[in-house]
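One structure is given here, and the rest of the page talks about it.
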Amino acid sequence: MTILKITTLIALSSSLLLASPPTKKEMELVSVIKNGNRGSQLLLKTLGKNMKKSMKSGGVMKALNFCSNEAYTLTQKVNKKLPNGVTVKRISNKFRSPANKPQDNEQAVLESFKKMQSLNIVLPPYLIEKTGAHTYKYYKPLVIKKGVCLKCHGDIKDIDLKREIASRYPLDNALGYKMQDLRGAVVVTVDKSIK
Ligand code: HEC
């Protein structure tokens, strides 16, 4: 296709989009995506920043203390900052904390992310599940991209750390990960019927 044809097509399709104003449903979806982006970013930034701080000041054991004692409370704090009807959490099909066990369709969504990865499909930045007339779940896939994650989720060499994790999480599943593995997802639940 020539460049000219492509530009004409783009212009045509955008004018078609402009011709029909977005429906209420479409507007609602745009708002869900905005809330999802904001909520997931806020959680990941807050947890990441604090973990880095404890790792720097006291090494991996202090960072473990942080994750174990404060990740949950910090998540609740982030939730207080989000608009009414919006909450955020982390899930994993190989969860360490039972609090992060997938609920309802969350397991199936994680499996579909895994399936996509196995087919070399580039993961989308997010997926939206419609859970009711005006309720949604926004899923952001979490892939291990930093070596530091493997300190506590990889094949742990540090015996003391290994022992400490096992004593805090006797049913731990969140070990043995490699770079680029799907670790889980951030889920933002958005209820648009709440104002
Ligand atoms: C210092 C150890 C440590 C490091 C480093 C670490 N984690 Fe974790 N991670 C934990 C602990 C402990 C939990 C359980 C937290 C809880 O009890 O809420 C956890 C939980 C999680 C969860 C929630 C699901 C679950 O298994 O309970 C995700 C997702 C996660 N980590 C991803 C990551 C990623 C991505 C990185 C790298 C950026 C990372 N972690 C680095 C210790 C660590």
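Transitive grouping of hydrophobic side chains (ILVMFWY, heavy atoms separated by less than 4.5 Å) brings Leu119 and Val109 into a common cluster. Both Leu175 and Val60 belong to a common hydrophobic cluster when Ile, Leu, Val, Met, Phe, Trp and Tyr are linked at side-chain heavy-atom distances under 4.5 angstrom. Linking Ile, Leu, Val, Met, Phe, Trp and Tyr residues whenever their side-chain heavy atoms come within less than 4.5 Å leaves Tyr139 and Val30 in two separate clusters.
The CG atom of Asp191 sits 12.0 Å away from atom NZ of Lys137, with the distance rounded to the nearest 0.5 Å. Interatomic distance, Arg90 CZ to Ser40 OG, rounded to the nearest 0.5 Å: 13.0 Å. Here the OG atom belonging to Ser112 is positioned 11.0 Å from the CD atom belonging to Gln117, to the nearest 0.5 angstrom. Remark: Ser97 OG to Asp172 CG distance equals 10.0 Å, nearest 0.5 Å. Of the inter-residue distances, the one linking Leu110 atom CG with Gln107 atom CD reads 6.0 Å to the nearest 0.5 angstrom. Lys94 NZ to His153 NE2: the interatomic distance, rounded to the nearest 0.5 Å, is 10.5 Å.
Surrounding NZ of Lys49 are at most 12 heavy atoms belonging to other residues, nucleotides or ligands under 6.0 Å away. Heavy atoms of other residues, nucleotides or ligands lying less than 6.0 angstrom from OH of Tyr72 number 12 at most. In Lys162, the NZ atom is not crowded: 12 or fewer heavy atoms of neighbouring residues, nucleotides or ligands sit closer than 6.0 Å. Within 6.0 Å of NZ in Lys151 there are 12 or fewer heavy atoms belonging to other residues, nucleotides or ligands.
With hydrogens and angles ignored, the 3.5 Å screen pairs no side-chain donor or acceptor of Asn100 with any backbone N or O of Phe95. One N or O on the side chain of Lys130 and one on the backbone of Ala133 form a donor-acceptor pair closer than 3.5 Å. Formation of a donor-acceptor pair under 3.5 Å by the Lys146 side chain with backbone atoms of Val148 is not found in this model. A distance-only check finds no donor-acceptor pair linking the side chain of Ser68 to the backbone of Asn65 [under 3.5 Å]. No donor-acceptor pair under 3.5 Å is formed between the side chain of Arg183 and the backbone N or O of Val143. With hydrogens and angles disregarded, no donor-acceptor distance shorter than 3.5 Å links the side chain of Asn105 to the backbone of Ala108. Side-chain N or O atoms of Asp158 include one that pairs as donor or acceptor with a backbone N or O of Asp160 at under 3.5 Å. Panel note: side chain Gln41, backbone Arg38; no donor-acceptor pair is recorded below 3.5 Å.
Heavy atoms only, all atoms of each residue included: Ile194 and Gly85 are closest at CD1-CA, 4.0 Å. For Ile144 against Cys149, the heavy-atom pair with the smallest separation is CG2-CB, 3.9 Å. Contact between Pro141 and Pro125 at its shortest, heavy atoms only, is CD-O, 3.5 Å. The nearest pair of heavy atoms linking Lys101 to Ile91 is O-CG2, 4.5 Å. Nearest approach of Arg96 to Cys152, heavy atoms of both residues: NH2-O, 2.6 Å. Nearest heavy atom pair, residue Ser54 against residue Ala63, reads OG-CA, 3.9 Å.
Between Leu150 and Met179, the closest side-chain pair of non-hydrogen atoms falls below 4.5 Å. Within the 4.5 Å cutoff, the side chain of Lys192 has no heavy atoms near those of the Met27 side chain. Counting only heavy atoms from C-beta outward, the side chains of Glu164 and Leu64 approach each other to under 4.5 Å. Using a 4.5 Å heavy-atom threshold, the side chains of Leu171 and Pro98 count as separate. In this structure, the side chains of Thr131 and Thr189 stay at 4.5 Å or more apart for every pair of heavy atoms.
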Quiz prompt | Working for side-chain contact (heavy atoms from CB on, under 4.5 Å), residues Lys62 and Lys56 | solution = CA-CA 9 Å; Lys62 185 162 178 195; Lys56 228 177 172 177; over 6 Å; no
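For Glu111 and Lys114, the salt-bridge test fails: no basic side-chain N is under 4.0 Å from an acidic carboxylate O.
For the residue pair Thr75/Lys89, the side-chain donor-acceptor check at 3.5 Å is not satisfied. Checking Glu70 against Asn50 by side-chain atom types alone, no donor-acceptor pair falls below 3.5 Å.
Note that Lys140 lies outside the cation-pi zone of Phe113, set by a 6.0 Å cut-off to the ring centre and a 45° limit from the axis.
Side-chain contacts under 4.5 Å among hydrophobic residues (ILVMFWY), followed directly or transitively, place Leu47 together with Leu29, Val32, Ile33, Leu42, Leu43, Leu44, Met51, Phe66, Leu74, Val78, Leu82, Val86, Val88, Tyr126, Ile128, Tyr136, Tyr138, Leu142, Val186, Val188, Val190.
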